[in-house]
Amino acid sequence: MSDAGKRAAGRAAAELVEPGMRLGFGTGSTVEHFLVALAERGIDVAGVPTSEATARRCAELGLATLRPDEVDGLDLAVDGADELTRDLALTKGGGGALLREKVVAAMAARFVVIATPGKVVERLGDTFPMPVEVVPFAAAPVRRALEAEGFLVDGRNHGGRDVETDNGNVLLDARMPGGIEDPAAVEARVEMLPGVVASGLFTDLAHEALLGDDDGTVTELRVG
Ligand code: 5RP
């Protein structure tokens, strides 16, 4: 995994920001570079953070934060991804922040993904599992429903304890051997299961991706 590439992507995204913009602040190590670069610019912006960790980091860096109910919409959301396809379907939620990440991405007029070229895949869900955020009561039936679809499912835990999300839920990581054939259909089906609050498939949200390479160059991918 390349930190130079993540840094290049994060810094390129910070250049897209204009004074007065209302932003979405993603979560993760690539977003960390975006936040640092944005703070260095010292311009007047504010954003909705997608996790408690990002909210704390914004406070440390002096970046103003907003709640979703304080804005009608966002000009620009910037977030990382665990995997993406060339038509900008994403897997997100490696850091467990998928629900707020999806809410914030959907609020934004422009959603820019920052990543490295090694995260581009032909099919989602094989090398990196699809995270699913579930209310604890529904974890067992949702697991069985995913297994019936052919997913190999693990509950996410840390040191033997279920990981609890910022929203008080648990996470299932669902891998599809060979990859997911139709991610939009799977996203819709999984999010219809009672007790699921979000899947980590983001199939119709990203407008562009900035892919940072180790040598500092950044390549842009756009939908269409
Ligand atoms: C967190 C996410 C992150 O954006 C994703 O895991 C990528 O993280 P990183 O930039 O650290 O590789 O979805 O829930």
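Atoms within each ligand, like the ligands themselves, are counted from 1 in listed order.
- Which parts of ligand 1 touch Gly96 is read off a 4.0 Å heavy-atom cut-off, strictly below it: atoms 14 (O).
- Ile180 is connected to Val142 through a chain of hydrophobic side-chain contacts under 4.5 Å among Ile, Leu, Val, Met, Phe, Trp and Tyr, so both are in one cluster.
- Taken to the nearest 0.5 Å, the CZ atom of Phe151 stands 4.0 Å off from the CE atom of Met176.
- Salt bridge status for Arg100 with Glu52: present, with a side-chain N to carboxylate O gap under 4.0 Å.
- Per-residue contacts place Ala97 under 4.0 angstrom from the following atoms of ligand 1 (heavy atoms of the residue considered): 14 (O).
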Inset, instruction - Apply salt bridge (charged side-chain N to carboxylate O under 4.0 Å, His left out) to Lys102 and Glu191, showing your working. - result: CA-CA 12 Å; Lys102 196 171 265 193; Glu191 293 190 352; 2.5 Å; yes

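- Residue pairs meeting the side chain to side chain donor-acceptor pair (under 3.5 Å) criterion with at least one member in residues 123-137, sequence neighbours excluded, are Glu83-Thr127, Asp126-Arg175, Glu133-Thr165, Glu133-Asn167, Glu133-Asn169.
- Residue contacts with ligand 1 for Val31 are absent, since no atom lies close enough (heavy atoms, distance under 4.0 Å).
- Heavy-atom proximity to Asp79, at under 4.0 Å, picks out these atoms of ligand 1: 4 (O).
- Salt-bridge check for Glu208 with Arg110: passed, with a basic side-chain N closer than 4.0 Å to an acidic carboxylate O.
- Any N or O atom pair closer than 3.5 Å counts here, and Gly28 shares no such pair with ligand 1.
- The contact set between ligand 1 and Gly93, taken as ligand atoms under 4.0 Å from a residue heavy atom, comprises 2 (C), 13 (O), 14 (O).
- Counted by atom type alone, Lys6 and Thr116 present zero donor-acceptor pairs between their side chains at under 3.5 Å.
- Using a 4.0 Å cut-off between heavy atoms, Ala81 contacts ligand 1 through its backbone alone, with no side-chain atom that close.
- Taking every non-hydrogen atom of Lys92 and a distance limit under 4.0 Å, the qualifying atoms of ligand 1 come out as 2 (C), 3 (C), 4 (O), 13 (O).
- In the vicinity of Asp82, heavy-atom distances shorter than 4.0 Å reach the ligand 1 atoms 5 (C), 6 (O), 7 (C), 13 (O).
- Residue contact check for ligand 1: Glu32 places no non-hydrogen atom closer than 4.0 Å to it.
- Within the listing of ligand 1, atoms 4 (O) sit less than 4.0 angstrom from a heavy atom of Gly80.
- At a heavy-atom cutoff of 4.0 Å, ligand 1 is contacted by the side chain of Lys119 but not by its backbone.
- Using a 4.0 Å cut-off between a side-chain N of Lys or Arg and a carboxylate O of Asp or Glu, Asp173 and Arg156 qualify as a salt bridge.
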